Protein chains: 2
Amino acid sequence: MCCEAQFLQRLRERGLRLTPQREMVLRALHEVDSHATAEEIYARVSVQSAAVDLSTVYRTVELLQDLRLLSTIELADGQRAYELIGVHGPHHHLQCRRCGGLSRIEPEAVRPLIETLRLRYGFAAEPDHLVIAGLCQACREGEEREAQSAA
Amino acid sequence: MCCEAQFLQRLRERGLRLTPQREMVLRALHEVDSHATAEEIYARVSVQSAAVDLSTVYRTVELLQDLRLLSTIELADGQRAYELIGVHGPHHHLQCRRCGGLSRIEPEAVRPLIETLRLRYGFAAEPDHLVIAGLCQACREGEEREAQSAA
DNA sequence: GCTGCAAATGCAACTGTTTGCCGCTGCGTA
DNA sequence: TACGCAGCGGCAAACAGTTGCATTTGCAGC
């Protein structure tokens, strides 16, 4: 668990504490391969200890985000999902508005944009986690076929 | 009201109707200069007719979004705000994580990124409305001053 | 090992948003 | 003009996420 030490360090820097609840939430986030909703995290934590509240999960998730260890994704159905940044490294997502699928992209793809924003608007973009909407290849081809058969 | 005709047209294309409630919501969105929360829209609509429900505001806003006439912005405090695309034309926002301020940027700034995504990932990005987090110029200078005085 | 204090938690109430249900309305068809 | 049907809106209930408050707990200093 690479980020527990980092978590502890950043907590200490701010005079905050490492509690069992926070450890459990962090562990649960590690266990899921990709992103997890609050409810999923809560379910996993509840197995280990029944005495953890859902609000604590939300508070911990918010804290992890403040510490830049976690990013939030808005899923297609409006739910929010959370993902540790350390596990897959910093990255962004493409979200298909048709199938709802998420795919990762390298931060390099966004770097030129960040540079443009800095030069043109004096804005220091720190998009921890950009989610860009659009159509994935499969769905785009699907839409083209539909358009053709409709015509 | 440029977009009412457009609204009507797109509704007709889908076999949907232009109702007084929908007209009122559209008018309310026009009246506010920039973005408005659901509650603000509801307040404006309520002046004209007490018999409009908040859920109708939400449903109309969602409909407008489906028709690509409106975009949603997540404000700093977590509230959602809505903005007609037609009024200011398509654009994106920079959001300062310190002061919460929003500023508009031209779609041109994002175009190279869209091209990259298409070439590299086969993804047809249609970011109606990207919100990019970071530090605005004023706040960045403020942070630098703070860092200096702290050192 | 104890103590004090701020941070953290659980609980319950609350806010903002979405959904299901059902009666109403506009419109095409007979 | 009457009928049927799909879209629509109001209402209330459900849901996800947040907040206030009293209690508990981690941890630095002794």
Side-chain angles (χ1 to χ4, degrees), chain A residues 4 7-29 35-46 48-67 70-83 100, chain B residues 7-29 35-46 48-67 70-82 100:
Chain A
E4 180 155 355
F7 185 27
L8 184 59
Q9 186 203 328
R10 301 220 187 154
L11 286 172
R12 288 287 152 78
E13 280 169 10
R14 298 204 186 188
L16 306 176
R17 299 181 201 151
L18 184 61
T19 63
Q21 288 90 334
R22 288 177 177 174
E23 277 188 295
M24 283 189 277
V25 169
L26 193 66
R27 208 175 310 142
L29 278 163
H35 39 77
T37 64
E39 213 58 55
E40 280 163 5
I41 299 169
Y42 180 57
R44 279 177 180 274
V45 169
S46 295
Q48 297 174 61
S49 162
V52 175
D53 198 73
L54 187 56
S55 67
T56 303
V57 172
Y58 280 110
R59 281 192 272 230
T60 305
V61 152
E62 199 191 335
L63 175 67
L64 284 165
Q65 200 161 22
D66 281 356
L67 298 177
L70 175 139
S71 60
T72 303
I73 317 160
E74 196 93 7
L75 297 181
D77 58 355
Q79 265 199 106
R80 269 173 239 172
Y82 309 98
E83 181 180 63
Chain B
F7 187 24
L8 184 59
Q9 187 202 329
R10 301 220 187 156
L11 286 172
R12 288 287 153 80
E13 281 169 10
R14 298 204 186 189
L16 305 176
R17 299 181 200 149
L18 183 61
T19 63
Q21 287 91 334
R22 289 177 178 175
E23 275 188 294
M24 283 190 278
V25 169
L26 193 65
R27 208 176 309 141
L29 277 163
H35 39 76
T37 63
E39 214 58 56
E40 281 162 7
I41 299 168
Y42 179 57
R44 279 176 182 273
V45 169
S46 296
Q48 297 174 62
S49 162
V52 176
D53 197 72
L54 185 57
S55 67
T56 302
V57 172
Y58 280 111
R59 280 193 270 232
T60 305
V61 152
E62 200 192 333
L63 176 66
L64 284 165
Q65 201 162 20
D66 280 355
L67 299 177
L70 175 140
S71 59
T72 304
I73 317 160
E74 197 92 6
L75 297 181
D77 57 356
Q79 265 198 107
R80 268 174 240 171
Y82 307 97

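Predicted model, so just to flag it, every value in this text is computed and none were measured. By convention in this document, chain letters (A, B, ...) are assigned in the order of the sequence lines, proteins followed by strands, and residues within each chain are numbered from 1.
Contact detail for B:Val61 and B:Leu70: the closest heavy-atom pair is O-CD2, 3.7 Å.
Summarising the geometry, the separation between CD on B:Glu23 and P on C:dT25 is reported as 17 Å, rounded to the nearest angstrom. Between the P atom of D:dC8 and the CZ atom of B:Arg22 lies a distance of 4 Å, rounded to the nearest Å. Rounded to an integer number of Å, the gap from A:Glu74 CD to D:dG17 P is 9 Å. What separates CD of A:Glu13 from C1' of C:dA7 is a distance of 17 Å, to the nearest Å. Going from atom CD1 of B:Ile41 over to atom P of C:dG16 covers 14 Å, rounded to whole Å. Atom C1' of nucleotide D:dG7 and atom CZ of B:Arg10 are separated by 20 Å, given to the nearest angstrom. Between A:Tyr42 atom OH and D:dA16 atom P the separation is 13 Å, expressed in whole Å. In this structure, A:Arg17 places its CZ atom 7 Å from P of D:dC27, rounding to the nearest Å.
Judged purely by atom type and a 3.5 angstrom limit, B:Arg44 has no side-chain atom pairing as donor or acceptor with the backbone of B:Ala28.
Residue A:Arg12 is classed as a sugar-phosphate contact, given heavy-atom separations below 4.0 Å to backbone atoms only.
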- Just do the side chain to side chain contact (heavy atoms under 4.5 Å, CB included) check on B:Tyr58 and B:Tyr42 with the steps written out, would you? CA-CA 9 Å; B:Tyr58 280 111; B:Tyr42 179 57; over 6 Å; no

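Annotation: the span from B:Met24 atom CE to B:Ile41 atom CD1 amounts to 13.0 Å, rounded to 0.5 Å. In this structure, CG on B:Leu29 lies 10.0 Å from CD on B:Glu40, to the nearest 0.5 angstrom. In this structure, CG on A:Leu8 lies 11.5 Å from CZ on A:Arg22, to the nearest 0.5 angstrom.
When A:Gln65, A:Glu62, A:His35 are each tested for a side-chain hydrogen bond (donor to acceptor under 3.5 Å, both in side chains) with A:Thr72, only one passes: A:Gln65.
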Expected rows: protein N/O vs nucleotides 18-22 of chain C N/O, under 3.5 Å:
residue : atom : partner : partner atom : Å
C:dG20  : O6   : B:Arg59 : NH1          : 3.4

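Between C:dT17 and B:Gln79, no contact under 4.0 Å exists linking OP1 or OP2 to a side-chain N or O. Phosphate contact (OP1/OP2 of C:dT9, side-chain N/O of A:Thr56, threshold under 4.0 Å): absent.
Place B:Ala38 and A:Leu16 on DNA chain C by their nearest nucleotides, and A:Leu16 ends up nearer the 5' end. Along DNA chain C, the nucleotide nearest B:Thr37 and the nucleotide nearest A:Leu63 are compared for position; the residue whose nucleotide lies closer to the 5' end is A:Leu63.
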